Amino acid sequence: QVQLVESGGGLVQPGGSLRLSCAASKSIFSANVMGWYRQAPGKQRELVAAITLGGTANYKDSVKGRFTISRSNAKNTVYLQMNSLNPEDTAVYYCNAVSVGVNAWGQGTQVTVSS
């Protein structure tokens, strides 16, 4: 199974930016969909953004225009560029890879938006 490791989280002020990275242990070319989820304390995990092998991206309505998901098959890495961050974006962010017979998750990286 593919192993995923997230990085790039941290503390940022409202209106600031962060770029999350998800490094895969093997080629992600065969992964049909790569996505970013987030989970805040006491809330369910929710899909933030997803991208297909062909590069088609979809976003949660509340992050449209602020977040951008991208993938580099050559680098076996998926990114989430987060701009104009709000306190409500505070959560643990998880990387996910889905394909036939594959549903892999990273360990998560904490994003805290606070002044």
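Just so you know, these numbers come straight off a predicted model, no measurement behind them.
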Using side-chain contact (heavy atoms from CB on, under 4.5 Å), reason through Val92 and Tyr37 one step at a time and then give a plain yes or no.
CA-CA 8 Å; Val92 177; Tyr37 289 71; over 6 Å; no
Are there more than 12 heavy atoms of other residues, nucleotides or ligands under 6.0 Å from atom CD of Gln3?
no
Within the 4.5 Å heavy-atom criterion, are Glu6 and Tyr93 side-chain neighbours or not?
no
Please name the pair of heavy atoms, one in Ser21 and one in Trp36, separated by the smallest distance, quoted to 0.1 Å.
O-CH2, 3.6 Å
Counting N and O atoms only, with roles assigned by atom type, does the side chain of Thr112 sit under 3.5 Å from a partner on the main chain of Thr90, one being a donor and the other an acceptor?
no
Restricting to non-hydrogen atoms, name the atom on Ser84 and the atom on Asp89 that form the minimum distance, rounded to 0.1 Å.
O-OD2, 4.4 Å
Please evaluate residues Val78 and Leu20 with respect to the criterion side-chain contact (heavy atoms from CB on, under 4.5 Å), reporting the C-alpha separation (whole Å), side-chain torsions for both, the decisive distance (0.1 Å), and the verdict.
CA-CA 8 Å; Val78 178; Leu20 306 183; over 6 Å; no
Does the side chain of Arg71 reach to within under 4.5 Å of the side chain of Leu53, using non-hydrogen atoms?
yes
Report yes if the side chains of Arg66 and Met82 come closer than 4.5 Å at any heavy-atom pair, otherwise no.
no
pair Arg38-Leu80: side-chain heavy atoms closer than 4.5 Å
no
Are any non-hydrogen side-chain atoms of Leu47 and Lys60 less than 4.5 angstrom apart?
no
Over 60° means perpendicular and under 30° means parallel, so classify the ring planes of Trp105 and Tyr94, tilted if in between.
perpendicular
With a 4.5 Å heavy-atom cut-off, do Leu11 and Ser114 have their side chains touching?
yes
Measure across Met34 and Ile69 and return the closest heavy-atom pair with its distance rounded to 0.1 Å.
O-CD1, 3.8 Å
Path from Leu18 to Tyr59 over hydrophobic side-chain contacts below 4.5 Å
yes
For the student: nearest non-hydrogen atoms of Ala23 and Thr77, plus distance:
CA-OG1, 4.3 Å
What's the separation between atom CG in Asn83 and atom OG1 in Thr68, rounded to the nearest 0.5 Å?
6.5 Å
Closest non-hydrogen atom pair between Gln81 and Ser17, with its separation
NE2-CB, 4.0 Å
Take atom CD of Glu88 as the centre, draw a 6.0 Å sphere, and report whether it contains more than 12 heavy atoms from other residues, nucleotides or ligands.
yes
For the hydrophobic clusters of this structure (ILVMFWY residues joined by side-chain heavy atoms under 4.5 Å, transitively), does one cluster hold both Val63 and Tyr79?
no
Closest non-hydrogen atom pair, Ala50 against Val33
CB-CG1, 3.9 Å
Flag, side chain of Ser99 to backbone of Val102, donor-acceptor distance under 3.5 Å:
no
